[in-house]
Amino acid sequence: DVKVTQSSRYLVKRTGEKVFLECVQDMDHENMFWYRQDPGLGLRLIYFSYDVKMKEKGDIPEGYSVSREKKERFSLILESASTNQTSMYLCASSQQGSSQPQHFGDGTRLSIL
Amino acid sequence: AQSVTQLGSHVSVSEGALVLLRCNYSSSVPPYLFWYVQYPNQGLQLLLKYTTGATLVKGINGFEAEFKKSETSFHLTKPSAHMSDAAEYFCAVTSSNDYKLSFGAGTTVTVRA
């Protein structure tokens with residue numbers, strides 16, 4: 001089975017801090033994704049990466065950046081955390097091709113105080 | 001751009017009753033459609049997907065969905081609800097010329113004993 005591991009299940013940070021969320025997948029997938037999930041809004045794509053060092057903005061990239069130095073690892077960075085970034089963050093990976101399903105980690109619930 | 005509308009944010013069913021979750025999509029090209037389930041404090045898990053071919057798709061845990069192009073729908077059903085079906089369900093759409101998966105807002109299912 002595909003395993004997508006997010007480094008933290010719960011995280012509490014303060015406004016203005018630089019925050020790193022880490023995600024690792026073990027199936028050699030080309031594509032990796034970061035979403036945020038908020039009640040009533042479903043999942044919204046923050047960033048997408050289709051190869052090492054390659055990234056594309058999703059629907060809500062403002063206030064976030066990403067890093068993909070190795071194929072298995074995709075990091076989400078909150079440059080200067082704000083309270084409106086309190087949310088559930090989900091990482092996913094998939095093989096190439098849009099018909100391929102995405103496999104999700106268990107999520108990181110991030111609270112910015 | 002594609003989009004998904006899930007009708008009903010909450011559905012309550014009795015154990016043993018039919019589960020019907022509604023999903024309508026908007027897409028200018030042939031869609032790829034997915035249903036995911038999210039159990040509390042977990043990531044999303046693929047239930048089933050439609051890409052091409054047979055329009056009635058069977059998934060895990062006894063769920064199935066039917067792609068109806070004329071109605072732009074992809075409703076999810078299960079003949080007999082089980083307590084373990086209590087979860088949040090997401091419909092999602094993409095296409096062959098898009099990498100982005102667009103999610104609906106989700107439907108929370110509760111199962112009454």
Side-chain angles (χ1 to χ4, degrees), chain A residues 1-10 21 23-25 27 29-51 54-61 87-110, chain B residues 1-10 21 23-25 27 29-54 57 59-60 63 65 67 74 87-108:
Chain A
D1 276 354
V2 176
K3 184 72 173 175
V4 178
T5 303
Q6 295 185 230
S7 55
S8 303
R9 294 297 305 274
Y10 301 93
L21 303 184
C23 175
V24 176
Q25 51 96 1
M27 284 302 292
H29 284 170
E30 292 82 5
N31 299 334
M32 295 190 75
F33 307 82
W34 273 107
Y35 295 90
R36 65 176 283 175
Q37 181 181 11
D38 300 288
L41 297 179
L43 277 72
R44 293 178 290 167
L45 182 65
I46 304 172
Y47 268 98
F48 159 65
S49 170
Y50 54 90
D51 201 351
M54 306 305 291
K55 61 184 179 184
E56 286 200 22
K57 294 180 179 179
D59 297 319
I60 51 166
S87 186
M88 169 71 88
Y89 290 87
L90 291 167
C91 175
S93 72
S94 74
Q95 294 178 328
Q96 267 188 341
S98 52
S99 66
Q100 298 298 321
Q102 295 182 18
H103 301 266
F104 286 81
D106 285 339
T108 295
R109 188 166 294 282
L110 176 64
Chain B
Q2 294 96 17
S3 66
V4 164
T5 301
Q6 291 183 239
L7 298 175
S9 59
H10 290 87
L21 304 183
C23 172
N24 287 90
Y25 70 90
S27 178
V29 296
Y32 296 154
L33 294 155
F34 302 80
W35 274 101
Y36 285 86
V37 61
Q38 184 179 33
Y39 299 103
N41 297 317
Q42 293 186 23
L44 277 68
Q45 178 183 355
L46 180 71
L47 275 177
L48 48 80
K49 69 173 184 177
Y50 168 80
T51 52
T52 59
V57 180
I60 63 171
F63 284 93
F67 171 62
F74 191 57
E88 190 164 19
Y89 294 79
F90 292 93
C91 182
V93 64
T94 186
S95 65
S96 61
N97 62 1
D98 195 358
Y99 63 85
K100 289 170 54 175
L101 197 55
S102 297
F103 285 86
T107 298
T108 300

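A note on names: the letters A, B, ... follow the listed sequences, proteins ahead of strands, and every chain is numbered from 1.
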Checklist entry - Just by distance, do the side chain of B/K49 and the backbone of A/S99 share a donor-acceptor pair under 3.5 Å? => result yes

Under 4.5 Å between any side-chain heavy atoms of [X] and [Y], yes or no?
X	Y	result
A/Q37	B/F90	yes
B/L46	A/H103	no
B/D98	A/S98	no
B/F103	A/L41	no

Using non-hydrogen atoms and a 4.5 Å limit, figure out which bit of [X] sits close to chain A: side chain, backbone, both or neither.
X	result
B/L44	both
B/Q38	side chain
B/Y36	side chain
B/S95	backbone
B/Q45	neither
B/T94	side chain

Item to check | Choice from A/R109, A/R9, A/Q102 maximising heavy atom contacts with chain B below 4.5 Å | outcome: A/Q102

Checklist entry - Looking at A/G107, A/G105, A/G58, A/G97, which makes the most heavy-atom pairs under 4.5 Å with chain B? => result A/G105

Item to check | Spatial distance of atom CD (A/Q100) from atom OG1 (B/T51) [nearest 0.5 Å] | outcome: 9.0 Å

Checklist entry - What distance do B/S102 atom OG and A/D59 atom CG have between them, rounded to the nearest 0.5 Å? => result 6.5 Å

Checklist entry - Is it the side chain or the backbone of A/Y89 that comes within 4.5 Å of chain B heavy atoms, both, or neither? => result neither

Checklist outcome for this item: Bottom line for A/Y50: the part with an atom under 4.5 Å from chain B's heavy atoms is neither

Checklist entry - Given the rule in the side-chain contact (heavy atoms from CB on, under 4.5 Å) test, do B/L101 and A/F48 qualify, once you have shown the distances and angles that lead to the verdict? => result CA-CA 11 Å; B/L101 197 55; A/F48 159 65; over 6 Å; no

